[in-house]
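Below is one structure, written out as structure tokens; comments come after it.
Counting convention: from 1, in listed order, for ligands and their atoms alike. Both backbone and side-chain heavy atoms feed into the values below; hydrogens, waters and symmetry mates do not. In what follows, residues are counted from 1 in the order of the sequence shown.
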Amino acid sequence: MTNEVVWKSLNISPKELTLSKVLRCGQAFRWRFINDTWSCTIQNRVLFLKQDTTQNKIHYCSIPNLKDTENIVKDYFQLHVNLTDLYLEWCTKDDLFTKNATNFEGVRMLRQQPWENLISFICSTNNNVKRISKMCESLCVNYGTLINVPESMSDHTGVKLEMPADPLPYYTFPLPDSLASPSVEQELRQLGFGYRAKFIQQTAAMVNKDPVLLEKLTLSSASTSSSETSAASESEKQQLREMPYDECKEFLLQFKGVGPKVADCVALMSLDKHDIVPVDTHVYQIALRDYKFRSKAKSKAKGKARGGSKVKETGTISKELYSEIQSFFKDLWGEYAGWAHSVLFAADLKDLNNGINDTTGSDDLKKGPQKKRKLVEPKKKDIPIDKVKEEGDQIPMSDSQIRRQERLYKRLMRQQEAVAVSTIDIKKE
Ligand SMILES: Nc1nc2[nH]c(O)nc2c(=O)[nH]1
């Protein structure tokens, strides 16, 4: 590899893209920020980004210096979508958006690789951003491929550049074949993944043994088209990004550890389903607390209007309530509802708020009006929405913690329809 790096620039204002918000708002989990530079491995390169808000520029370069990096950046941030116009539209439609999105400009939806996104959100079940990030990093370090970054490089004019000093090497996110072997489950347990270890290994094994699944989930370039060398026939390929939402969701739900919320996060964050709002505790709380959402089904059936009463003691909600909340936001914000939700999700995260939202002194996210819930058996068809309370915030977790989580989780998973809706736990980071 030549030690030459070429920094290039895109003209883009913080209103259109604010890296410090977007790369920390619970969509992607592997971005590092060192010496004013963001970096992450993406499609077999390390991508470096610097934002200059005064000049309305984002500088980027990659190692190795590959020709398609500009396309990768534009595609990853979906720069063809005018976010300023979308904010204006959401503000016109929704006064609360106007109020809550203040200071949250430039939060756009990333367009991530579906395979990585799927595994990251399997990790996100009952978890917080910090721990999800540690797990993703751990997957890369243990199962990814090293990308060598020289300490010093020159730019294309020969001027010597110091790369941001980073003590940690860069690894790619592992492909399914690296995670598919049965021994991976035990290894991941030892690394502190708990019950997620099994889901990751099983999902990887499913994808690894089926060329059609592999093709659909591991897109090789920024485009939606598949590679010409694929073993899958045209009809089998049916690209997920072009598929209708229902079919796409059905496809995602076949994987282990994937429930409605995880599937919706992948549909929104990787597969162009821009209108989809993944419903978890926090979105549910935003609906109740800020939007005074009330379930119509409930008020019709029992003459009672409080949506809050619909989260059962099991911490689950019905499929109907899940779709009711999803439709509520879609009706409110329109075809980019999923993007709008991400702005409010970011605004609700304390890490991005310098503690402004730190009303409880202990949580990742603002607290809603919900009562403490006991964990009891959910009914069939209920979707677990709430966090399972965790005692520790560090990985590896203790064996007893893992066993406890497994017991709780298995109990929920036993129910026919009660597949996991992952949440970010609300522990302080
Ligand atoms: N509803 C959402 N849930 C999330 N979890 C997570 O890690 N990110 C999100 C998100 O953006 N929305």
Side-chain angles (χ1 to χ4, degrees), residues 18 21-31 78 97 100-101 104 106-112 114 116-137 196 249 252 257-271 273-291 293 311 315 317 321-330 332-333 336-353 363-366 368 383-388 390 393 420-427 429:
T18 299
K21 299 269 188 274
V22 168
L23 301 178
R24 286 280 183 266
C25 74
Q27 289 185 40
F29 303 97
R30 293 197 297 115
W31 282 93
Q78 315 207 57
F97 187 91
N100 289 338
F104 279 86
V107 177
R108 54 174 51 245
M109 189 51 58
L110 303 176
R111 192 177 196 231
Q112 300 182 64
E116 173 173 348
N117 203 218
L118 180 69
I119 296 299
S120 305
F121 275 92
I122 289 176
C123 291
S124 80
T125 314
N126 303 316
N127 219 341
N128 61 35
V129 175
K130 196 169 174 182
R131 284 189 64 219
I132 303 165
S133 303
K134 282 184 186 170
M135 287 181 179
C136 291
E137 177 67 18
R196 303 168 193 90
K249 185 162 181 179
L252 294 167
V258 177
K261 188 259 172 159
V262 171
D264 281 343
C265 281
V266 180
L268 170 68
M269 299 174 189
S270 292
L271 301 173
K273 310 301 176 234
H274 305 298
D275 56 339
I276 294 307
V277 175
V279 181
D280 63 2
T281 338
H282 309 303
V283 170
Y284 183 76
Q285 284 178 13
I286 289 170
L288 245 64
R289 180 194 64 212
D290 300 341
Y291 287 87
F293 165 84
V311 171
I317 59 168
L321 183 54
Y322 187 100
S323 346
E324 228 190 311
I325 295 171
Q326 208 161 51
S327 305
F328 171 81
F329 284 123
K330 188 169 167 179
L332 182 64
W333 295 322
Y336 278 78
W339 288 48
H341 124 281
S342 197
V343 178
L344 296 189
F345 194 90
D348 220 44
L349 275 174
K350 274 191 199 166
D351 271 6
L352 293 180
N353 266 296
D363 292 341
D364 250 4
L365 287 122
K366 282 195 248 182
I383 300 169
I385 187 176
D386 204 2
K387 69 199 167 91
V388 179
E390 282 178 275
D393 203 19
V421 178
S422 68
T423 63
I424 292 181
D425 196 3
I426 51 175
K427 288 266 172 190
E429 308 257 296

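The minimum heavy-atom distance between Phe345 and His282, with the atom names listed, is CE1-CB, 4.1 Å. Across all their heavy atoms, Glu116 and Arg30 have their closest contact at OE2-NE, 2.7 Å.
Checking only distances, Cys265 never comes within under 3.5 Å of ligand 1, N or O to N or O. Below 3.5 Å of separation, one finds no N or O of Gln27 facing any N or O of ligand 1. Close N/O approach between Val283 and ligand 1 is not found [any backbone or side-chain N/O within under 3.5 Å]. Between Lys261 and ligand 1, an N or O atom pair is found at a separation short of 3.5 Å.
Between Cys123 and Arg131, the closest side-chain pair of non-hydrogen atoms is not below 4.5 Å.
Just one residue in the list Val258, Ile276, Asn117 forms a side-chain contact (heavy atoms from CB on, under 4.5 Å) with Val266, and that residue is Asn117.
A distance of 4.5 Å separates CD1 of Ile325 from CZ of Phe293, quoted to the nearest 0.5 Å.
The atoms of ligand 1 that sit less than 4.0 Å from any heavy atom of Phe29 are 7 (O). Listed by number with element, the atoms of ligand 1 under 4.0 Å from a non-hydrogen atom of Pro278 are 1 (N). For ligand 1, the atoms closer than 4.0 angstrom to any heavy atom of Asp280 are 1 (N), 2 (C), 3 (N), 4 (C).
Side-chain N or O atoms of Gln27 include one that pairs as donor or acceptor with a backbone N or O of Arg108 at under 3.5 Å. Formation of a donor-acceptor pair under 3.5 Å by the Ser342 side chain with backbone atoms of Trp339 is not found in this model.
For atom 8 (N) of ligand 1, the nearest non-hydrogen atom from the set Ala28, Gly26, Ser342 belongs to Gly26.
Heavy-atom distances between His341 and ligand 1 reach below 4.0 Å in at least one pair.
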